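The figures here come from the full heavy-atom set of this structure, side chains too, leaving out hydrogens, waters and symmetry mates. In the text below, chain A, chain B and the rest are named by the order of the sequence lines, each starting its count at 1. Treat the numbers as computed from the prediction; the structure is a model and nothing was measured.
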Protein chains: 2
Amino acid sequence: MFSQATMSQPRDAVRHFPAIPAQAPSLRSLFGGQPVETFESGSAVFWEGDDARHVFEVVEGVLRVFRIMSDGRRVITGFIYPGDLLGVSLKDHYLYTAEAVTRTKIRRYERGRFQDEINRSPELRPQLFARLCDEMAAAQDQMILLARKSAEERVASFLLVIARRLGAVQAQAVIEIPMTRLDMADYLGLTIETVSRTMTRLTTCGVIAPSSRHAIVIRKLGKLVMLAGEADDDDNRATGMGSVQQAVWPN
Amino acid sequence: MFSQATMSQPRDAVRHFPAIPAQAPSLRSLFGGQPVETFESGSAVFWEGDDARHVFEVVEGVLRVFRIMSDGRRVITGFIYPGDLLGVSLKDHYLYTAEAVTRTKIRRYERGRFQDEINRSPELRPQLFARLCDEMAAAQDQMILLARKSAEERVASFLLVIARRLGAVQAQAVIEIPMTRLDMADYLGLTIETVSRTMTRLTTCGVIAPSSRHAIVIRKLGKLVMLAGEADDDDNRATGMGSVQQAVWPN
DNA sequence: GGTCTTCGTTACAAACCGTCACAATATCGC
DNA sequence: GCGATATTGTGACGGTTTGTAACGAAGACC
């Protein structure tokens, strides 16, 4: 819960307050003093059902957050990128598993202390709320994707979100896709074959071009935005970032 | 955002602190002083894109919260029941439309004042966090439903969630379904015909029995839980309620 | 360098759900 | 009460996605 800022715009709260000196409290500085831990690709930071003892900040690498249905079906609810928080939950057990997609470096903070800090600090609270807000917005976007978008729209949307996440929304930029096709499928509610076929079709149409196994180039950004559906909305967000209020929950 | 406690368990935060006297601050008492407004069935409380000026508490009735894709496809992201909050967002514009399914009574609170109250009150903050947490959990359940569940599993899950929402999870209870088949379809990522056919099939199997157009009786609860998939999880939650920490974000 | 394993691609048949059509029923207004 | 309208139910058909399988490519390991 409140784990991933599930691939919204890069919205590091700090950048909204450029005038504030560096020593102002921020979520980033909160974790700054903690030691960095490394997780190898494929290893879990925690499992669904574990006691929720810590909150994490991702320093480097990418994680997948997922749940497994009783019959084995896996649903990835989000991917976590550097700067995102993980495990910010009010539940006493994690509701999902978090697993490293690539080699990942994180800092952890004991949950009780984290809550104390948030409670004490009028600067940190709005930052945390903004994170949760972005995460909720991302969850809604995902619901729209899963409820009504076609396979092609889903893949196109995914590539766009990834590109924005990397700050590389202009055409011809190389987009790293660290996750496997199976990860993408379980995130997009498709099968691995459908993902593969759709990527191939996008390549055939000249919209994207494979760069390596885990990277592509966006050749026709406009067309990709069109194929993603939700054209207006995505188009706006392609340029700038979201519209998080800055003076909200002030102080 | 943070609008709906999208049909989780009935989790009025007050009930977790039975020892605390009635005058303790609570989200409910916060809205208590506000006048009640009535919205007729089909009318909108606010529209996607409106300036987000108010936060609402639903007193009576049911609302649907939805977004419309550029080509007209509608996705309902949640239904709002009495006791739920609506419009608790950090964005300066509402990201979705909220519309009355039935005649609905609400209280509204000016956004800035609401934020001030939350910020000032160490009692209210954990309550609001708990709501957001439940909403996020509901969003994840919905992602699982949309990503991997079959039509039958979706309808069965929906009926169960509705039943829990009404506190009527035992068999033979009459479950009111105020929304139309189209609402259900747009919430479950299906078409109206599929919803209709699936309801008919559940009736034929003796799992449910129609009571009226907008109400059913659950005849075989166990079988309905099985058909909903996610058997373990749902089974647990069928009995009790969630596991929101009580002493979290204390004070 | 060679072998093994994992991952990705492609083809074909099958299933599920959506689309279209129309009938039946409920709801609302007069 | 009665008709008009909206909502719901049911069928036949078709399309998109899935499932199964085989093949090819990339990386791991010795």
Exercise. Send over the distance from Arg181(B) CZ to dC17(C) C1', rounded to a whole Å.
Key: 18 Å
Exercise. For a ring-ring contact (aromatic ring centres under 6.0 Å, His included) with Tyr96(A), tell me which candidate from Trp47(A), Phe66(A), Phe46(A) qualifies.
Key: Phe46(A)
Quiz item: Who are the salt bridge (Lys or Arg N to Asp or Glu O under 4.0 Å) partners of Glu99(B), not counting sequence neighbours?
Solution: Arg64(B)
Quiz item: CG of Leu146(B) versus C1' of dC17(C): gap in Å, rounded?
Solution: 15 Å
Quiz item: From Arg148(B) CZ over to Ile68(A) CD1, what is the distance, rounded to the nearest 0.5 angstrom?
Solution: 10.5 Å
Quiz item: Do Thr200(B) and Thr203(B) have a side chain donor and acceptor closer than 3.5 Å?
Solution: no
Practice problem: Could you tell me the separation between the CE atom of Met199(A) and the P atom of dT10(C), rounded to a whole number of Å? | Solution: 11 Å
Quiz item: What is the minimum heavy-atom distance between Val101(A) and Leu63(A), and which atoms define it?
Solution: CG2-C, 3.8 Å
Quiz item: Quick one: Met184(A) CE to dT9(C) C1', roughly how many Å, whole number?
Solution: 14 Å
Self-check item: Residues touching DNA chain D, which here means a heavy atom under 4.0 Å, drawn from residues 204-219 of chain A
Solution: Arg213(A)
Quiz item: Which is it for Phe158(B) and Ile162(B) under the side-chain contact (heavy atoms from CB on, under 4.5 Å) test, yes or no, and what are the steps along the way?
Solution: CA-CA 6 Å; Phe158(B) 175 76; Ile162(B) 287 265; 3.7 Å; yes
For nucleotides 16-23 of chain D, list the nitrogen or oxygen atoms of the protein found under 3.5 Å from its nitrogen or oxygen atoms, one pair per line.
from	atom 1	to	atom 2	distance (Å)
dT17(D)	OP1	Ala151(A)	N	2.8
dT18(D)	OP2	Thr191(A)	OG1	3.4
dT18(D)	OP2	Thr194(A)	OG1	2.3
dG19(D)	O6	Arg197(A)	NH1	3.2
dT20(D)	O4	Glu193(A)	OE2	3.3

Exercise. Provide the closest heavy-atom pair for Thr102(A) versus Val62(A) in the form atom of the first, atom of the second, distance.
Key: OG1-N, 3.1 Å
Quiz item: Taking OP1 and OP2 of dT6(C), is either one under 4.0 Å from a side-chain nitrogen or oxygen of Thr180(A)?
Solution: no
Quiz prompt | Separation of atom CG in Leu182(A) from atom P in dT6(C), rounded to whole Å | solution = 13 Å
Quiz item: Considering only side-chain heavy atoms of Ser196(B), which listed nucleotide, dT8(D), dG9(D), dT10(C), is closest?
Solution: dG9(D)
Quiz item: Is the closest side-chain donor-acceptor distance between Asp51(B) and His93(B) under 3.5 Å?
Solution: yes
Quiz item: In whole Å, what is the span from the CD1 atom of Ile192(B) to the C1' atom of dA26(C)?
Solution: 13 Å
Quiz item: Is the closest side-chain donor-acceptor distance between Arg108(B) and Gln34(B) under 3.5 Å?
Solution: no
